[in-house]
Number of protein chains: 2
Amino acid sequence: MSVTIKDVAKRANVSPSTVSRVLSDSSKISEKTKRKVRKIMDEMGYHINLNARVLVQKSTQTIGIVMKHSASHSLHNPFFPEVLRGISAYCNKEDYSISLTTGESEESIFNEVVKMVQGQRVDGVIVLYSKKDDKVVPYLIDQNFPFVVIGKPLSETSKVMYVDNDNIQAAKEATEYLIKLKHQRISFIGDDPDFQVIQDRLNGYQEALRVHGLKGSDDYIKHFEYGTPNGVQVVEDLIHLPDPPTAMVISTDVNALVVMKELRNRNITIPKDISIVSFNNTIVSQLASPPMTSIDTQTYQLGYEASRCVIELIHDPKMFKRSLIIPTVIKIRESSQVNEGLKYV
Amino acid sequence: MSVTIKDVAKRANVSPSTVSRVLSDSSKISEKTKRKVRKIMDEMGYHINLNARVLVQKSTQTIGIVMKHSASHSLHNPFFPEVLRGISAYCNKEDYSISLTTGESEESIFNEVVKMVQGQRVDGVIVLYSKKDDKVVPYLIDQNFPFVVIGKPLSETSKVMYVDNDNIQAAKEATEYLIKLKHQRISFIGDDPDFQVIQDRLNGYQEALRVHGLKGSDDYIKHFEYGTPNGVQVVEDLIHLPDPPTAMVISTDVNALVVMKELRNRNITIPKDISIVSFNNTIVSQLASPPMTSIDTQTYQLGYEASRCVIELIHDPKMFKRSLIIPTVIKIRESSQVNEGLKYV
DNA sequence: TTGAAAGCGCTAACAG
DNA sequence: CTGTTAGCGCTTTCAA
């Protein structure tokens, strides 16, 4: 059995409450007693039982991270480690711990969240996605539990605090950048369109086309299906279009890497034949061949700020629910250039 | 205030212990009472306070993950998400939660571990690295706390359970594969040699050279320094050697990507001029251009088994401390080929 | 500045 | 099958 506050108290000839006060470095304990008690703590190898403290103080100093359905999915995307890094950094600063969901299905994740929240294992939650028909966010609102979502919530925006990029604007800029390079036939490749971030980027893309009087076509809009390696199909479809695209806006850099590989397999050169702009600017974009033009969403910052927000919210639950937009920056690299017209097939 | 077991008990006209028994679905409670109590729980929106339960049961059902110094470092390496995915999968199966360290320095990580362990916030720990002068593992041994390390511990191997690849063998095979392709001047590029995994791979590489009577040279052995983008320098040094290498064994695929990029910048073609074999076979290897020959370390499995090990250890602290070696498989892709001799510079 | 006592919400003998 | 009782290890009034 581990040594408790009582054991220390006995040995130090003080009461348990005194020991407790020393633990929290209370100002009403004399320096002398503090020293004495601390010495005994050391000698006895005392260490506080956090669960007991949590039980009475009702503060866990830990925040829960909700990943999107299937940890697998999240974890395959370099976006995730990068947000986590940001979250982690701020939590560390504030001495908060991190607890991760492990669920593989929406259902099981939801249950984990309920368990975290109701089981009082966390003080706040960061939701790493915003998705159609998601139950987590409505639940947290209903419980009036401190949380922040990374991404733009689909409804009740006034009730939720979020940290996001302006994805519409970012995609618009990406597309306009291509338009300035004289591209006229620009394709958009996303993934699961149930996620708001994909919708936003799609909208931004479409808006850019509209504003510049380019005819869009549904044939130019494709989505990777999660779990299926349908990159092949997507690329096939696009290049065999009567008027194949000369440029592509691709929702994440890993997806862009897949597309680039498929194009390469068909001897289509980037950027000569097709220009590519991707999102996230993770290490993958820089190291790809050719290096990708990518919209830097400042993922680390997204995580850092989200974490700052929840923690502030925990400290002041009635705080004004401001939301944050993290600016994006287009990093121009070699995967995009002025349209030369298609020379392939 | 949330509703407690007592509130439910009162409303259901039973004792708190009965409610508690219903919670754990005890076999000694009649179906009838169970139904009644559950109904009331629902009505009142009762949910267990896990902290209270943990306090008395002394089991948290959560395991702590210790990342190597600087989460940043870990998180930039696709190895990490992949182990985490494996850990997560098994934990989910066994209904365990995951708690991550957030520290950026060895010192602060060590303190977090102490806090987790002594504060009794976790039942077991998985250490994601094995490193020289590390204090975490000795501490856990000293505390006799259930833990597993991923990687080969440096000392007291009999006292620690670990899950690892045979990295010596794997590197030996990688090198022999290159030797079979007629390469004679093979370079090794690692990173922080304080990590055992790097040492092992280096040793395997050297052993292969020795066995096949190739003269090694320290000039062929390079290390990336963490945090510094010295990939440039490493590549510079190697290609300007009097007898530059025709093949490289590189400790991780992200590092390999960096090297490939630098070589490309110097118009050195892979695999024609230089063949490359990397480790980990993360998604990066497959999507690189050209796709990399990589040693698949089955990272997911590493995590999955580690997690199974700690959990078993938690259930039976006196269990036989067997350790696991996860087999590696070489995935041959296009970054390596028969040595054509150097044609560059 | 310190101590006594009550209690956080739950479980676990023990008794019936 | 169910209730009573006594804690788990800590914090927190209240009183001294």
Side-chain angles (χ1 to χ4, degrees), chain A residues 1-41 44-62 114-123, chain B residues 1-41 44-62 114-123:
Chain A
M1 282 301 46
S2 33
V3 12
T4 75
I5 231 177
K6 278 188 190 163
D7 303 326
V8 175
K10 205 164 290 170
R11 189 94 102 75
N13 279 317
V14 294
S15 74
S17 37
T18 300
V19 178
S20 170
R21 288 183 185 111
V22 172
L23 267 185
S24 47
D25 201 20
S26 159
S27 59
K28 354 181 147 180
I29 296 286
S30 70
E31 273 311 316
K32 187 153 152 275
T33 326
K34 279 187 187 171
R35 266 196 305 278
K36 182 177 66 180
V37 172
R38 291 209 178 104
K39 181 150 164 285
I40 306 239
M41 283 178 171
M44 303 183 72
Y46 170 81
H47 199 286
I48 190 173
N49 180 326
L50 289 172
N51 300 300
R53 166 180 279 184
V54 164
L55 184 58
V56 14
Q57 294 196 148
K58 270 137 188 47
S59 153
T60 61
Q61 291 280 115
T62 108
V114 172
K115 193 166 148 190
M116 277 180 174
V117 170
Q118 303 283 23
Q120 302 178 48
R121 297 291 281 175
V122 299
D123 294 342
Chain B
M1 282 299 47
S2 35
V3 13
T4 77
I5 231 178
K6 278 187 189 164
D7 303 327
V8 175
K10 205 165 291 171
R11 189 93 102 76
N13 280 319
V14 294
S15 74
S17 41
T18 300
V19 178
S20 170
R21 287 181 186 114
V22 172
L23 267 185
S24 48
D25 201 19
S26 157
S27 58
K28 356 180 148 178
I29 296 286
S30 71
E31 273 311 317
K32 189 154 149 274
T33 330
K34 279 188 187 171
R35 266 196 304 278
K36 182 177 66 180
V37 172
R38 291 206 177 106
K39 182 150 162 286
I40 305 237
M41 283 179 170
M44 304 183 71
Y46 169 81
H47 199 287
I48 191 173
N49 180 327
L50 289 172
N51 299 300
R53 167 181 279 184
V54 164
L55 184 58
V56 15
Q57 294 195 149
K58 271 135 186 48
S59 153
T60 61
Q61 292 280 117
T62 108
V114 172
K115 192 168 149 189
M116 277 180 172
V117 170
Q118 302 284 22
Q120 304 180 46
R121 296 293 280 177
V122 300
D123 295 342

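- For the pair Arg121(A) CZ and dC10(C) C1', the computed distance is 13 Å after rounding to whole Å.
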Sort me out a list of protein N/O and nucleotides 14-16 of chain C N/O pairs below 3.5 Å, or just none if empty.
none

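- When the side-chain contact (heavy atoms from CB on, under 4.5 Å) test is applied to Val54(A), the partners found at least two apart in sequence or on another chain are Thr60(A), Asn51(B), Arg121(B).
- Helix bend of the helix from dT1(C)-dA16(D) to dG16(C)-dC1(D): the angle between its two end axes, each built from five pairs, comes to 30° after rounding to 10°.
- One interatomic measurement links the two molecules: CZ of Arg53(A) to P of dC8(C), which rounds to 19 Å at whole-angstrom precision.
- Scanning for side-chain hydrogen bond (donor to acceptor under 3.5 Å, both in side chains) contacts around Ser20(B) gives an empty result, with sequence neighbours left out.
- Between the side chain of Ser17(A) and the base of dA4(C), a donor-acceptor pair under 3.5 Å is found.
- Residues passing the side-chain hydrogen bond (donor to acceptor under 3.5 Å, both in side chains) test with Ser17(B) are Ser15(B), sequence neighbours excluded.
- Listed by first then second residue, pairs satisfying salt bridge (charged side-chain N to carboxylate O under 4.0 Å, His left out) with a partner in residues 4-20 of chain A read Arg11(A)-Glu43(A), not counting sequence neighbours.
- Lys32(B) pairs by the side-chain contact (heavy atoms from CB on, under 4.5 Å) definition with Ser30(B), Arg35(B), not counting sequence neighbours.
- Straight-line distance from the CG atom of Leu50(B) to the P atom of dC10(C): 9 Å, rounded to whole Å.
- By the side-chain hydrogen bond (donor to acceptor under 3.5 Å, both in side chains) test, Gln120(A) is found to be paired with Ser2(B), residues two or more places apart in sequence or in another chain being considered.
- Rounded to an integer number of Å, the gap from Leu55(A) CG to dT12(D) P is 12 Å.
- Scanning residues 5-16 of chain B for heavy-atom distances under 4.0 Å to DNA chain D yields Asn13(B), Val14(B), Ser15(B).
- For Gln57(A) and dG7(C), the CD to C1' distance is 14 Å, given to the nearest whole Å.
- Residues passing the side-chain hydrogen bond (donor to acceptor under 3.5 Å, both in side chains) test with Arg38(B), sequence neighbours excluded: Asp25(B).
- Under the rule for a side-chain contact (heavy atoms from CB on, under 4.5 Å), the partners of Val122(A) that lie at least two apart in sequence or sit in another chain are Thr62(A), Ser99(A), Met116(A), Val125(A), Phe145(A).
- Spacing between atom CG of Leu23(B) and atom P of dC10(C) amounts to 7 Å, rounded to whole angstrom units.
- Between the P atom of dT13(D) and the NZ atom of Lys28(A) lies a distance of 9 Å, rounded to the nearest Å.
- In this structure, NZ of Lys36(A) is placed 11 Å from C1' of dT2(C), rounded to the nearest angstrom.
- Every side-chain contact (heavy atoms from CB on, under 4.5 Å) that Val114(B) has, sequence neighbours left out, goes to His47(A), Phe110(B), Gln118(B), Tyr139(B).
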